[in-house]
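As structure tokens, the structure follows; a few thoughts come after it.
In this chain, residues are counted from 1 in sequence order. Whatever order the structure lists them in is the order used to number ligands and atoms, beginning at 1. Worth saying up front: this structure is predicted, and the values here are computed from it rather than measured.
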Amino acid sequence: MELLWKLKKVLLCHPPSGLYRRDDRCQSKVDDQTVRVVLPPLDLAYHAAVLERLGCQCKIADYPSEHLTWENFEKDVREFRPDLLLISATYPTLASDLEAAKRLKTLLPECLTVARGEVFSVWDKLTLQKYPHVDMVLTGESELSLAALVDGRSPVDIPGLTYRYGEQILRGPEPELIADLDALPFPARHLLKNHLYRSPDSNQLLTTICAARGCPSECIFCPVRRVSGVKIRLRSPENILEEIQECVEKYHIRDFLFHADTFTYHKRWLIELCRLIADQDLEIRWGCNSRVDTIDEERIFWMKRAGCWIIGFGVESGDEQSLLWMRKNASLDQARKAISLCRKYGVRSHAFFMFGFPWDTHQTIRQTVAFAKELSPDFFDFNIAFPLPGTEFYEMAKEEGLLVFPEGEEAEGYAKAIVRTRTLSPEDLERWRTHALWRLYLRPGYILKTLWKTRSLPVALNYVKAAMRRGRGLLKKKSNPQP
Ligand code: SF4
């Protein structure tokens, strides 16, 4: 099977199907997160950059971030008239995302519709069977595969591509990981409306930078290993610095979020990167995610010097046994040390907790809430464990009959339980989440300390606004009795 033409015009979009994080391992509703941050569509910007190198004309549309509707999508299709539509889909929004293919085909039947996203690493054939308007789906790291498709290569030879061939649905070769991340062009930020993406506290322009891909850890709820592999592939510090400089000079962005599955894992690389950034005196600040077992005094010293102001940690549970069962390979003591190191160096900490695993009971959740209180990080989130298809957690929940939604259906997000545990109902889990957030955020001492730490009236006001928004959301759910 061959495409006889090269595709010249590509529309890449986050469809108007709700404002969601569209990462492989985080596919949650933005409004469900305590710190509401709208991040740029880095996935689309990377794909567009690779296509532009081939001479394609690309348009990126992030409809949810702009609060735009299907009418806007259709208008763009009529005006831009793409040869190919790339849809970035998540598991919770799958059906609504793929509505884009249906609408496009009614306007431009010849246009090729391709969807990408973590969900297709499991549901590739199923998706093509169920959604006839989608021509192809891409799994894994799909930048180079999309480029090959657009360049006219036969789908038979394209890694990670599942496609139609007459009545059949076929798979190309296994997806390939991109060995040299430095070889990728910088994301096409000139195609983004950069003013839309702002730091939630300072309201300054914010962007994400992909520093590494892959993770050797084995958390049973996480799909990263399947998509990005178990080996961490690092960009060179020089290459990352060049991208930061481009952001500062060309786009006036000085606030960054490093996107890496385990940013602090390789100590020497991390320190080298931090030294390079610190030497440039760029007046930037940044945040990142980390694991509690990959942070120490030397790392955090250099991170702080290079402008790090916040670190997110997946602490997950206050119960050692739960940590073992979810194969987090981290202990409560490591979490205590990580948060206290942040405190010592004046770096904010954001701890993420999760419950809703088969073994969770009132007692394990109570312990988790108590542990969050003991740690006292600057910010915290409680998510209800979300069984992404293909993960060990999903298989476990399915086997035990704990999934409470039909397989293949759309689920709402991480604040809405789609599983029960062996002893708790979905409603119990939702009540616990509301209760935990309410109880921990509404401590007068916590509120005063958080506002005091801002040392800036506008930032303090942004915190108050965020707290009111969060409080309103929780109040709606608070009518449920305490667990
Ligand atoms: S540490 Fe665990 S949750 Fe984080 S990326 Fe690795 S496998 Fe996923």
If you scan protein heavy atoms around atom 2 (Fe) of ligand 1, the nearest is C219 SG, 2.3 Å
Measure the spacing between CE of M354 and CD of E316 and express it to the nearest 0.5 Å.
4.0 Å
What are the two closest non-hydrogen atoms of G229 and L177, and how far apart are they?
CA-CD1, 3.9 Å
Measure the distance from atom 1 (S) of ligand 1 to every protein heavy atom, then report the residue, atom name and distance (to 0.1 Å) of the closest one.
R291 NH1, 3.4 Å
Whether the S199 and R285 side chains hold a donor-acceptor pair (N or O, under 3.5 Å, no angle test) is what I'd like checked.
yes
Is ligand 1 under 4.0 Å from a heavy atom in the side chain of C215, in the backbone, in both, or in neither?
side chain
Does either side chain, that of E52 or that of H190, offer a donor lying less than 3.5 Å from an acceptor on the other one?
yes
In the protein, which heavy atom is nearest to atom 4 (Fe) of ligand 1, and how far is it?
D261 O, 4.2 Å
Do we see a donor-acceptor contact under 3.5 Å between the side chains of T421 and W359?
no
Within 2.8 Å of atom 8 (Fe) of ligand 1, is there any N, O or S atom belonging to C222?
yes
